[in-house]
Protein chains: 2
Amino acid sequence: MANLTKCINMMDEGIGRVSMVIPQMPAAEARLSRLMLMVGSSLEEELEAKLKPHKLNHSDFLTLMILYSRPDGHSTPGELCEFASQGATNMTRIANALVKRGLITRRAGEADRRCVLIHITAAGRRLVQKMLPPLFPRISAMFAGFSEADKRDLNRLLRKLARNLDQLSKEAV
Amino acid sequence: MANLTKCINMMDEGIGRVSMVIPQMPAAEARLSRLMLMVGSSLEEELEAKLKPHKLNHSDFLTLMILYSRPDGHSTPGELCEFASQGATNMTRIANALVKRGLITRRAGEADRRCVLIHITAAGRRLVQKMLPPLFPRISAMFAGFSEADKRDLNRLLRKLARNLDQLSKEAV
DNA sequence: ATCTTTTATTTCATCGATGAAATGTTTTCT
DNA sequence: AGAAAACATTTCATCGATGAAATAAAAGAT
């Protein structure tokens, strides 16, 4: 929808001109950040579009996937907040919606009774198993033309970038 | 804020377990998509945090930067919609806010009088020139430890990914 | 035993984004 | 000239996200 290539071209020209006026700008790095932002949000759009028919948004889906991918299919709201990068208010709302659809259940915690144990249900598992396979061709197509070395490199570089971002936000305190 | 590394670790374990249950999943590619999404949104958070003190969000800032980086400092709403990936309604709202702050002006188009010409003002330029330099150290820090080859690779791979995403959304019609 | 902290929810108010539909100009088509 | 298309705005209704504050229950600290 967004025509990424066209946006990237115009970004390239723009950064070129700005760095003429402001030479101390780290142009290569600025370009990389913009690329990350553009490709990232395009990917997000693509994903949301595929989730829409199932009446799930990214946060809902991510929450469900975290539970699905857990050894015992459960977690707590606090943990889900952390891994899905959501506030507590938001997670309560998400959980309410998923409970209402019968995809998860809430129980009282056993060890620590302050916690709530959120379990994925059989229906939740079935939904995930129905949703995932149709995504596979598109996920593969995204990386068409990537050699094994390309994938390894991208993987390595994204993780390195992630570590740097963590470092940045840690210092920001 | 999000502790990206921790989220990535849990994603790795999760994908490992899911691909045991669903072996036909393209695990490496799924991992890469998740990485892109996570790093992308972390980057977005980082950027928004830096913009907040100036009372600008990402869309506002992007719109202003597009104008700033233009040879003649102007564009039209339609063009801005395209390059900032915004709907027309949204762009009208953004432009209203920027006009109110004196950062841009609206004029009637000369060649095509249906179009509106949006110009960045002197105040708009001053704001951009004041905002950018403090961002530079952080942009550089994001890519700390990246060799020149790393940056070239990341650049190349992101552009390749972008082309594939464009292809995907074109086919989706 | 009391105080504090942790955990989750509820309530409330707000903000930005979104999309559809109607409107008004201006240009283009035929 | 008249019809159709393009451009931008306005209006309206809605939705998801957000954050602060109050509440309640349980665990931990001293």
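Letters go in sequence order (proteins before strands), and every chain restarts at 1. As the structure is a prediction and not an experimental result, all values here were calculated from the model.
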Rounded to the Å, how far apart are A/Leu51 CG and D/dC15 P?
19 Å
Lys/Arg N to Asp/Glu carboxylate O, B/Asp60 vs B/Lys55, below 4.0 Å:
no
Could you check how far NZ of A/Lys55 sits from P of D/dG16, rounded to whole Å?
11 Å
Any chain of hydrophobic side-chain contacts (each under 4.5 Å) joining A/Leu47 to A/Leu132?
yes
Pairs under 3.5 Å (N/O, protein and nucleotides 7-11 of chain C):
{"unit_1": "C/dA8", "atom_1": "OP2", "unit_2": "A/Gly78", "atom_2": "N", "d": "2.9"}
{"unit_1": "C/dT9", "atom_1": "OP1", "unit_2": "A/Arg106", "atom_2": "NH1", "d": "2.5"}
{"unit_1": "C/dT9", "atom_1": "OP2", "unit_2": "A/Thr92", "atom_2": "OG1", "d": "3.2"}

Nearest of D/dG16, D/dA26, C/dG16 to any side-chain atom of B/Asn57?
C/dG16
For A/Leu117, is there any backbone N or O sitting under 3.5 Å from a side-chain donor or acceptor partner on A/Thr76?
no
Find the distance B/Glu82:CD to D/dA6:C1' and express it as a whole number of Å.
15 Å
D/dG16 phosphate, OP1 or OP2: any side-chain N/O from A/Gln86 under 4.0 angstrom?
no
Do A/Arg152 and A/Asn155 get their side chains close enough for a donor-acceptor pair, meaning under 3.5 Å?
no
Ranking A/Glu110 and A/Asn90 by the position along DNA chain D of their nearest nucleotide, the one closer to 5' is A/Asn90
B/Lys100 NZ to D/dT9 P, straight-line distance once rounded to whole Å
15 Å
A/His58 NE2 to C/dA17 P, straight-line distance once rounded to whole Å
19 Å
Could you state the CZ-C1' distance from A/Arg113 to D/dA24, rounded to the nearest angstrom?
13 Å
Is B/Arg156 paired with A/Asp150 through a side-chain N to carboxylate O contact shorter than 4.0 Å?
yes
Specify the separation, in whole Å, of atom CZ of B/Arg107 and atom C1' of C/dT26.
20 Å
Is there a donor-acceptor contact under 3.5 Å from the side chain of A/Lys160 to the main chain of B/Gly145?
yes
Side-chain N,O (B/Arg93) to OP1/OP2 (C/dG16) below 4.0 Å:
no
Do side-chain atoms of A/Thr63 reach the backbone of A/Ser59 as a donor and acceptor pair under 3.5 angstrom?
yes
Report the distance from atom CD of A/Glu44 to atom P of D/dG16, rounded to the nearest whole Å.
15 Å
